[in-house]
Asker: 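Have a look at this one.
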Amino acid sequence: MAKSIQPVWVGKLRKQLKRAGEKDSDFSRFGADGHKYQLEPPALKETIAAFEARFGVSLPEGYRNFLLWMGNGGAGPFYGLYSLGASEPCQLPDYPSGAVLPLGTQGCTLMTGLVLDGPDRGRVIYYDEDQCGPPSVMREPDFLAWYERWTREVIAGYDDEEMYFGLYLDGKPQELMELYEQTEDVQARIEVVESCYKFQELPAKQKSYFKKACDSEQDPGLRMALIKMLSRFHVPGMAEEIDVLWDLGAYPEAISVICYEGGWKAKEVWWPQVLEKMSSLHGQPFWDACSIFSILKDYPEIHAGLLKDQLYRKDLDQNDKNYLFTSLSKLNGREEVLDYFLDYLPDEKNHGRMEYHTLIYAIWVTEDIQDPRLERVWVSLLDKFRTTQDAKDDYEGSQMHLNNDCCLGASHPFGVICSNLMRCLNHFGLDYRGAWKLLMDNGQWASWKYAHGLELKSSFDS
């Protein structure tokens, strides 16, 4: 049998997928480092027929055509698409309207599926295998429309995959503004406003339009949604809304306004309330709160002890810790948190290559604190990291004369740790190049430690 003529949409969709991969060439989008925008070879008709016969189902046309002409799994939203046969059709306990074919995972128990029959046949559905929330059927009429939208939004640089691609309205900023204008329904307008979060930036025209809408809006729920969205895009004039946001419990949005739009006065007035809420914050709101304290670092009432409780939180991820440590490194009174870092710095679980940035930020917090216990910790860290290949490579760079005055600075992870530790110890009383020489010479290093009363056995030695 002669091969069918390729439909026009196939070439267009393949080009869009290629452009999506070029847009996200470093695979920074959620899940992209797994599928890398590559599809598996298309499925054979016989493969599809065998699957349908085995399970007594008929695949919807859009998905069937994707399998035949695009690929049998691979590139797709979240962690990508399963190949046909990797999962079996199932009936969801909380979705009685039709059987569902799992298409891929969104992480943990969250799944993407395809409705095989019933009123939603052909449409994509999101569901939780643990039934922690109701399923959501996507707006797109079939699989192809859903997939095509994904490629468009990757190309456009929308940040909606982390926010669960597909749950928000499709459309560019201008199109969403027009949808807002075309309806008087409050819930529909709220949905438009919340869909704006997928954009990396909101154009000036839409900022102006939604700001005017916010100023004149009487419905408290819609006004709240507008204030939060405008705060997200740092629209001027939101400082006057801090009280409103705070009273409504929109603390992340209020803190964003205080950090970016409120100026010195807002930070002076609101920092105690920010501190009160910090223990409930993560991610960007937590980083914004840390930034507020960094900005106020020269105020006499601002000191490291205010953030001490944050250090002992078990729910902060590495990025949260990076921001917290960076903020603390700029504050006065760092002696107030020294006990924490005397435990943190020697702990080997903080010494991995993936954790080296955080360890460096922790070292910055302790720099210039005068305490013999701290000096011993610094030296024991140097005892460990000076023997790594990173340190040896950076030592070689430190001895290279680029001209009469310069040498290469540390650039390898564990070498950078050594460089920062040497700075804490004032480069051992030497210049940078000389300090590296001392550190690499076992005899000189032992003599230096003895002369400074730091010759005790390193806690890292076996």
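Since this is a predicted model, take the numbers as computed values, not measurements.
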Asker: I'd like to check the salt bridge (Lys or Arg N to Asp or Glu O under 4.0 Å) partners of Arg152; sequence neighbours left out, ordered by chain and number.
Answerer: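 Residues passing salt bridge (Lys or Arg N to Asp or Glu O under 4.0 Å) with Arg152: Glu148, Asp170.
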Asker: Inspect the contact between Lys308 and Glu336 and indicate whether a charged nitrogen and a carboxylate oxygen are less than 4.0 angstrom apart.
Answerer: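 Salt bridge absent between Glu336 and Lys308.
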Asker: Using side-chain heavy atoms (C-beta onward) and a distance below 4.5 Å, is Arg376 in contact with Pro372?
Answerer: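 The answer is yes, as the side chains (C-beta and beyond) meet within the 4.5 Å cut-off.
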Asker: Give the minimum heavy-atom separation between Pro89 and Leu116, together with the two atoms involved.
Answerer: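 Minimum heavy-atom contact is CB-CD1, 3.9 Å.
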Asker: Please identify each residue that fulfils salt bridge (Lys or Arg N to Asp or Glu O under 4.0 Å) with Asp371, with sequence neighbours left out.
Answerer: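 With neighbours one apart ignored, the set is Arg373.
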Asker: Run the salt-bridge test on Arg123 and Asp120 with the 4.0 Å N-O cut-off and return the result as yes or no.
Answerer: yes
Asker: May I ask you to test the Ile292-Ile258 pair for a side-chain heavy-atom distance under 4.5 Å?
Answerer: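 In contact.
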Asker: So, Asp288 and Gln284: side-chain donor and acceptor under 3.5 Å apart, yes or no?
Answerer: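 Their side chains do contain a donor-acceptor pair, which is all the 3.5 Å distance test asks for.
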Asker: Phe165 and Tyr126: aromatic ring centres closer than 6.0 Å?
Answerer: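 Not close enough - the centres of the two rings lie 6.0 Å or further apart.
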Asker: Answer yes or no for Lys198 and Tyr168: cation-pi contact, defined as NZ/CZ to six-membered ring centre under 6.0 Å and angle to ring axis within 45°.
Answerer: no
Asker: Taking C-beta and beyond as the side chain, do Tyr37 and His35 meet within less than 4.5 Å on heavy atoms?
Answerer: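 Contact flag for Tyr37/His35 side chains = yes.
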Asker: Less than 3.5 Å apart, any donor N or O on the side chain of Gln310 or Ser279 sitting next to an acceptor on the other?
Answerer: yes
Asker: Going by atom types alone, do Glu367 and Ser329 pair a side-chain donor with an acceptor below 3.5 Å?
Answerer: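 No, Ser329 and Glu367 have no side-chain donor paired with an acceptor closer than 3.5 Å.
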Asker: Applying side-chain hydrogen bond (donor to acceptor under 3.5 Å, both in side chains), can you list everything that pairs with Tyr340, at least two apart in sequence or on another chain?
Answerer: none
Asker: Using distance alone, with no hydrogens and no angle criterion, decide if Thr366 and Trp378 have a side-chain donor and acceptor under 3.5 Å apart.
Answerer: yes
Asker: Kindly state whether the ring of Phe325 and the ring of Phe341 have centres lying under 6.0 angstrom apart.
Answerer: yes
Asker: Kindly write out the residues that satisfy side-chain hydrogen bond (donor to acceptor under 3.5 Å, both in side chains) with Asn65, not counting sequence neighbours, or none if the list is empty.
Answerer: none
Asker: Side chains of Ser294 and Ser327: do they bring a donor and an acceptor to under 3.5 Å?
Answerer: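 Yes, side-chain donor-acceptor contact under 3.5 Å.
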Asker: Using a 4.5 Å cut-off on heavy atoms from C-beta on, say whether the side chain of Lys297 contacts that of His303.
Answerer: no
Asker: Any donor and acceptor pair, going by atom type alone, linking the side chain of Thr183 with main-chain N or O of Tyr180 inside 3.5 Å?
Answerer: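 The answer is no, because no donor-acceptor pair under 3.5 Å joins these two groups.
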Asker: Looking at every non-hydrogen atom in both residues, tell me the closest pair between Leu176 and Val192 and how far apart they are.
Answerer: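 Taking every non-hydrogen atom into account, O-CG1, 3.2 Å.
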Asker: Considering only NZ, NE, NH1 and NH2 on the basic side and carboxylate oxygens on the acidic side, decide whether Asp219 and Arg189 come within less than 4.0 Å.
Answerer: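 No salt bridge links Asp219 with Arg189.
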Asker: Please list, chain by chain and in numerical order, all residues satisfying side-chain hydrogen bond (donor to acceptor under 3.5 Å, both in side chains) with Arg334, sequence neighbours excluded.
Answerer: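 Arg334 satisfies side-chain hydrogen bond (donor to acceptor under 3.5 Å, both in side chains) with no residue once adjacent residues are dropped.
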Asker: Give a yes or no on whether the backbone of Leu167 and the side-chain of Arg139 come within a donor-acceptor separation of less than 3.5 Å.
Answerer: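 Answer holds: yes.
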Asker: Kindly write out the residues that satisfy side-chain hydrogen bond (donor to acceptor under 3.5 Å, both in side chains) with His357, not counting sequence neighbours, or none if the list is empty.
Answerer: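 Per chain and number, His357 pairs via side-chain hydrogen bond (donor to acceptor under 3.5 Å, both in side chains) with no residue.
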Asker: Check step by step if ring pair (Phe, Tyr, Trp, His ring centres under 6.0 Å) holds for Phe66 and Phe143.
Answerer: CA-CA 8 Å; Phe66 184 90; Phe143 174 87; 5.0 Å; yes
Asker: Not counting sequence neighbours, which residues clear side chain to side chain contact (heavy atoms under 4.5 Å, CB included) with Lys18? List them please.
Answerer: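 Result, side chain to side chain contact (heavy atoms under 4.5 Å, CB included) vs Lys18: Glu22.
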Asker: Are Tyr323 and Phe286, when compared by the centres of their aromatic rings, separated by less than 6.0 Å?
Answerer: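 No, they do not, as the ring centres are separated by 6.0 Å or more.
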Asker: Verify the neighbour count for atom CD of Glu201: are there more than 12 heavy atoms of other residues, nucleotides or ligands below 6.0 Å?
Answerer: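 Open.
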Asker: Suppose we screen for side chain to side chain contact (heavy atoms under 4.5 Å, CB included). Which residues come up paired with Pro7, at least two apart in sequence or across chains?
Answerer: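 For Pro7, the residues satisfying side chain to side chain contact (heavy atoms under 4.5 Å, CB included) (neighbours in sequence not counted) are Trp9, Val10, Trp69.
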Asker: So which atom in Pro285 and which in Pro252 form the shortest heavy-atom distance, rounded to 0.1 Å?
Answerer: CG-CB, 3.5 Å
Asker: Taking only residues two or more places apart in sequence or in another chain, which ones pass side chain to side chain contact (heavy atoms under 4.5 Å, CB included) with Gln187?
Answerer: Asp185, Ile190
Asker: Look at Lys321 together with Asp317 and state whether they make a salt bridge at an N to O cut-off of under 4.0 Å.
Answerer: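 Salt bridge flag = no for Asp317 with Lys321.
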Asker: Would you please name every residue forming a salt bridge (Lys or Arg N to Asp or Glu O under 4.0 Å) with Asp142, sequence neighbours left out?
Answerer: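 Asp142: no salt bridge (Lys or Arg N to Asp or Glu O under 4.0 Å) contacts found.
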Asker: Hey, does Met111 have a side-chain heavy atom less than 4.5 Å from the side chain of Asp128?
Answerer: no
Asker: Keeping the roles fixed (side chain from Asn72, backbone from Ser83), state whether a donor-acceptor pair exists under 3.5 Å.
Answerer: no
Asker: Considering only distance and modelled atom types, tabulate donor-acceptor pairs under 3.5 Å from the side chains of residues 413-420, sequence neighbours left out.
Answerer:
{"residue": "Asn420", "atom": "OD1", "partner": "Trp364", "partner atom": "NE1", "Å": "2.7"}
{"residue": "Asn420", "atom": "OD1", "partner": "Arg423", "partner atom": "NH2", "Å": "3.3"}
{"residue": "Asn420", "atom": "ND2", "partner": "Val416", "partner atom": "O", "Å": "2.8"}

Asker: Could you tell me whether a side-chain N or O of Glu153 sits under 3.5 Å from a main-chain N or O of Trp150, the two making a donor and an acceptor?
Answerer: no
Asker: Whether the side chain of Ser87 engages the backbone of Pro102 through a donor-acceptor N/O pair (distance < 3.5 Å, no angle test) should be reported.
Answerer: yes
Asker: Is the distance between the ring centroids of Phe385 and His351 under 6.0 Å?
Answerer: yes
Asker: Indicate the atoms forming the closest heavy-atom contact of Pro135 with Tyr95, along with that distance.
Answerer: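 Minimum heavy-atom separation between Pro135 and Tyr95: CG-CB, 4.0 Å.
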Asker: Under 3.5 Å, side chain of Glu348 to main-chain N/O of Gly352, donor-acceptor pair present?
Answerer: no
Asker: Under the rule for side chain to side chain contact (heavy atoms under 4.5 Å, CB included), what residues qualify as partners of Lys228, not counting sequence neighbours?
Answerer: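 Here the qualifying residues are Tyr197, Met224, Leu245, Ala250, Glu253.
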Asker: Can you tell me if Asp394 and Ser398 form a side-chain donor-acceptor pair at under 3.5 Å?
Answerer: no
Asker: With a cut-off of under 6.0 Å to the ring centre and 45° to the axis, is Lys207 in cation-pi contact with Phe233?
Answerer: no
